[in-house]
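Here's the structure we're looking at; comments come further down.
As a basis for the values below, the full set of heavy atoms in this structure was taken, side chains included, without hydrogen atoms, waters or symmetry mates. One-based numbering, in listed order, for ligands and for the atoms of each.
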Amino acid sequence: MLVSVPQILNKALNQEDISPQEGLTLLQQTHPEVISKIRETADILRQEQVGETVTYIINRNINFTNICEQHCNFCAFRRDENQEGSYWLDWQQIQEKTADAVRHNATEICMQGGLNPEAKVNGKSLDYYLKLIDTIKDAFPDIHLHAFSPQEIQFIARQDKISYAEVIVALKQAGLGSMPGTAAEVLDDKIRQVICPEKINAATWLEIVETAHRLGVNTTSTLLSGHIETPQQQIEHLEKLRKLQQKAVQNNYPAHITEFIILPFVGQEAPPSLRRRVGRDQPILADALLLTAVARIYLGNWIKNHQPSWVKLGLEGAKKALQWGCNDIGGTLMEEHITTMAGAQGGTCMTPEQLQKAIASLNRPYQERTTLYQKVLMRSGVTL
Ligand code: SF4
């Protein structure tokens, strides 16, 4: 039976989960008045689920290398080892960047890199990644390290012929705080064959994230939207994330998904085949906003924190997303390479004041948070 949009929105407002078919119906709407009702519903749910306050984090990105064995078709960041523009930070550079972040009151280092088969210590990939953690945590034990995508976990396990669980346990023991849920792209193997054919498949991404939750490592979750995926595939992606979170809750895992982030595709400098197929360079804001609202309606009972990407949408676009179901504006980042090299125009760095001002312009209160959404109460780093 086909259900009408008002019925779907009422169901969501009654705190019931909507079905994949109902989510798809919402994504297929084109009439401005209907889309406006979807936005209003997402905004009401956001208020009920997390309140008025918009959070942000003082963090720094460190992308330790862009040398990568893979060739994702949306990636303008990767380089071969001796290619012009390739780089690989040494231990001192990583420590200096962390020290600079700490001087700027960062509570989090977000660290990811290309998959570099040469990155080994004692002939082992895992030992290289452990040394990355030690380099940061030995000097700055209080900083939260949010690092290594499920793709990086699989890379380490494959290089060293060990299990995902062994990798995650070792990284956690060394001081890993949480993992970014990147490399999810769209959790559909037909799409992955086109946009990232060498990456882990959808089932492996889900397996690694579930393993992290089981072992007590929180993750985020993402969706790379606005390229060749269909609304049906977007909803199936959200359904997989919702099921993953439900599994964590139902099995009483010690960790879970802390937030959901939509990453709209930026094609300007992307490899030409995908760029030509998508047919545009910058995201379509209206599409990203409708998806943002539907994601809040679809996931909000299970994943409360929703964040737009100011790097991809610009700060004005991210501010709009705060009225379409988002409650967090993300981090200061301090430096951003991956999306900026793809041609994003949102910038590479925000000061806390810029983020605060953006939030205040919507007449919403702001609050600095930690990676795991605790309040930072004082600049001494006291959290609640
Ligand atoms: S997206 Fe990541 S894995 Fe894919 S080519 Fe770029 S750096 Fe490598």
Side-chain angles (χ1 to χ4, degrees), residues 61-89 94 110-120 125-126 128-129 132 146-160 164 167 179-209 219-229 237 261-275 277-278 281 283 309 311-312 333 335-344 348:
N61 263 343
I62 299 181
N63 301 125
F64 50 92
T65 183
N66 64 352
I67 299 169
C68 185
E69 61 162 22
Q70 298 200 359
H71 305 80
C72 299
N73 276 318
F74 55 82
C75 181
F77 170 69
R78 76 158 302 282
R79 294 288 184 276
D80 290 326
E81 194 181 347
N82 295 315
Q83 194 181 343
E84 196 188 336
S86 65
Y87 74 86
W88 186 2
L89 301 181
I94 289 168
C110 177
M111 185 158 68
Q112 302 176 86
L115 310 171
N116 182 355
E118 298 300 314
K120 289 195 163 87
S125 198
L126 179 59
Y128 173 80
Y129 282 81
L132 277 176
H146 181 62
F148 313 135
S149 70
Q151 176 60 69
E152 287 171 287
I153 301 298
Q154 188 266 358
F155 173 72
I156 301 166
R158 170 162 47 89
Q159 293 281 309
D160 292 356
Y164 307 141
V167 175
M179 278 168 48
T182 44
E185 321 310 357
V186 182
L187 293 169
D188 179 293
D189 289 333
K190 281 196 254 14
I191 293 285
R192 301 177 83 77
Q193 273 306 313
V194 177
I195 67 170
C196 51
E198 298 153 293
K199 261 196 177 142
I200 49 175
N201 63 21
T204 304
W205 189 93
L206 291 164
E207 181 189 345
I208 292 173
V209 174
T219 71
T220 59
S221 60
T222 59
L223 164 60
L224 180 71
S225 70
H227 41 92
I228 58 166
E229 87 287 9
H237 180 99
I261 312 163
I262 292 178
L263 303 169
F265 171 70
V266 175
Q268 193 164 306
E269 305 297 332
S273 60
L274 184 62
R275 186 184 166 200
R277 198 161 156 181
V278 175
D281 289 340
S309 166
V311 177
K312 292 175 190 278
L333 300 185
E335 60 176 295
E336 200 289 328
H337 298 287
I338 296 175
T339 306
T340 306
M341 285 169 82
T348 61

When the ring centroid of Phe265 is compared with that of Phe74, is the distance short of 6.0 Å? no
Short question: side chain of Gln159, backbone of Ile156 - any donor-acceptor pair under 3.5 Å? no
Check contact between Gln70 and ligand 1, using heavy atoms of the residue and a distance below 4.0 angstrom. yes
Test item: Gln70 side-chain N/O and Glu198 main-chain N/O as donor-acceptor pair under 3.5 Å: yes
For Arg158 and Asp160, run salt bridge (charged side-chain N to carboxylate O under 4.0 Å, His left out): C-alpha distance rounded to whole Å, both residues' side-chain angles, the deciding distance at 0.1 Å, then the answer. CA-CA 6 Å; Arg158 170 162 47 89; Asp160 292 356; over 6 Å; no
To which protein heavy atom is atom 4 (Fe) of ligand 1 closest, and what is the distance rounded to 0.1 Å? Cys72 SG, 2.3 Å
Is atom 8 (Fe) of ligand 1 under 2.8 Å from any N, O or S atom of Cys68? yes
Proximity flag Lys199 to ligand 1, non-hydrogen atoms under 4.0 Å: yes
Donor-acceptor pair, His337 side chain versus Ile62 backbone, under 3.5 Å? no
Metal check, atom 6 (Fe) of ligand 1 vs Cys75 N/O/S, cut-off below 2.8 Å: yes
